[in-house]
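Some notes on the structure that comes next.
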Number of protein chains: 2
Amino acid sequence: MRIGELARRTGVTTRALRYYEEQNLLTAERSASGQRHYAETAVDRIHLIRQLYAAGLSSKTIAELTPCVIDGKATPELLQRLATERDHLDRHIADLAQTRDRLDSVIDGASSNMQTGAPCPRDASA
Amino acid sequence: MRIGELARRTGVTTRALRYYEEQNLLTAERSASGQRHYAETAVDRIHLIRQLYAAGLSSKTIAELTPCVIDGKATPELLQRLATERDHLDRHIADLAQTRDRLDSVIDGASSNMQTGAPCPRDASA
DNA sequence: GTAAAACTTGACGTTGACGTCAAAGGCAAA
DNA sequence: TTTGCCTTTGACGTCAACGTCAAGTTTTAC
């Protein structure tokens, strides 16, 4: 498939796909005229890339780790990198959960204040 | 306390603290000569701000929500905003957990490959 | 065969959260 | 009083992950 179809099927722009290639996150065959052609596996690859981006990894980190993730093979150093990233992610998730809980308690507090008719700093007229 | 001490005690730079003030996330008393002076509560406030940043909120969003979080009071609209952000956060956490699990299985796969002596693309010499 | 759509590279623009000087004034210790 | 760190505002720099033209080529549709 060509770049437009891959973009449609993954929901990322063609600009982003070319950027990923530039960052060595993605490779493509080229037709005689120079157009990119992708295999079906590229769709999953893009999803993986997006997932790692969402996990807070940089393109540089992703570029270093993806051969390992794709092939399931790694040097001890890469394996260590992966474990480190996993731990960072785990910590991050825990922090976010704490933030969510804090938001929850804020929402609870604000709701009960509203039910008891407590005044609001943004609307102290009533 | 002055800005330097607040920076040391919170681990954020003075530049960031001034930036937070510029974005209306933080206020400070001013001495006659114009220097900023902060109350003890500022330390917690900074931690809250950092926490919300880590949750993926923008300075604009934080500026809109923090009076509510600080005071525990809100208009219905603010409450709705909070609930929306909470849901986004919840979804984000779930996505990250999925990514973490994927990393876990990658690490497992790579580890077993190594134990069985499977070759690595980065070190195919052995 | 031709027009529209898709593709190419190249290059400059954008945004958020600061970093990094610079030039000036403020403040506590010796 | 002078030394030396602290603080002030202002303004330009940075970095990642793209957005957005531009100008030209290729493929597709009729």
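Note on naming: letters A, B, ... go to the chains in the order of the sequence lines (proteins, then strands), and numbering restarts at 1 for each one. Remember, it's a predicted structure, so these values are computed and weren't measured experimentally.
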Quick one: is Ser31(A) getting a side-chain N or O under 4.0 Å of the dT26(D) phosphate, OP1 or OP2? no
Figure out the CD1/C1' separation between Ile3(B) and dG26(C), and round it to whole Å. 14 Å
Where the side chain of Tyr20(A) is defined as all heavy atoms beyond and including C-beta, which of dC18(D), dC7(C), dC6(D) is the nearest nucleotide? dC18(D)
Take the protein atom CD of Gln35(A) and the nucleotide atom P of dC7(C), then report the distance between them rounded to whole Å. 7 Å
DNA chain D nearest-nucleotide lookup for Leu17(A) and Ser33(A): closer to the 5′ end is Leu17(A)
Would you tell me if any nitrogen or oxygen in the side chain of Thr13(B) comes within less than 4.0 Å of OP1 or OP2 on dC18(C)? no
By nearest-heavy-atom nucleotide on DNA chain C, the more 5' of Lys60(B) and Arg15(B) is Lys60(B)
Atom pair distance, as rounded to whole Å: CZ in Arg36(B) and P in dC27(C): 14 Å
May I have the distance from Tyr53(A) (atom OH) to dA16(D) (atom P), rounded to whole angstrom? 10 Å
For side chain to side chain contact (heavy atoms under 4.5 Å, CB included), just list the numbers for Ile46(B) and Leu17(B), CA-CA rounded to whole Å, side-chain angles, deciding distance to a tenth of an Å, and then say yes or no. CA-CA 8 Å; Ile46(B) 302 300; Leu17(B) 292 177; 3.5 Å; yes
Check whether any side-chain nitrogen or oxygen of Tyr19(A) sits under 4.0 Å from OP1 or OP2 of dC18(D), and answer yes or no. no
Round to the nearest Å and state the distance from Ile49(A) atom CD1 to dC18(D) atom C1'. 14 Å
Heavy-atom check, side chain of Arg86(A) versus side chain of Asp90(A), under 4.5 Å: yes
OP1 or OP2 of dG19(C) sitting under 4.0 Å from any side-chain N/O of Arg18(B)? no
Would Arg91(A) and Asp87(A) pass as an ion pair if we require N to O under 4.0 Å? no
Per Arg50(A) side chain, nearest of listed nucleotides dT9(C), dC18(D), dC7(C): dC18(D)
Derivation of the side-chain hydrogen bond (donor to acceptor under 3.5 Å, both in side chains) call for Thr75(B) and Glu77(B): CA-CA 5 Å; Thr75(B) 62; Glu77(B) 304 81 57; 3.2 Å; yes
Determine whether a donor-acceptor pair (N or O, by modelled atom type, separation under 3.5 Å) exists between the side chain of Arg100(A) and the backbone of Ala55(B). no
Separation of atom NE2 in His37(B) from atom P in dT7(D), rounded to whole Å: 9 Å
How many whole angstroms separate atom CD of Glu21(A) from atom P of dC18(D)? 15 Å
In whole angstrom, what separates Arg30(A)'s CZ from dT9(C)'s C1'? 10 Å
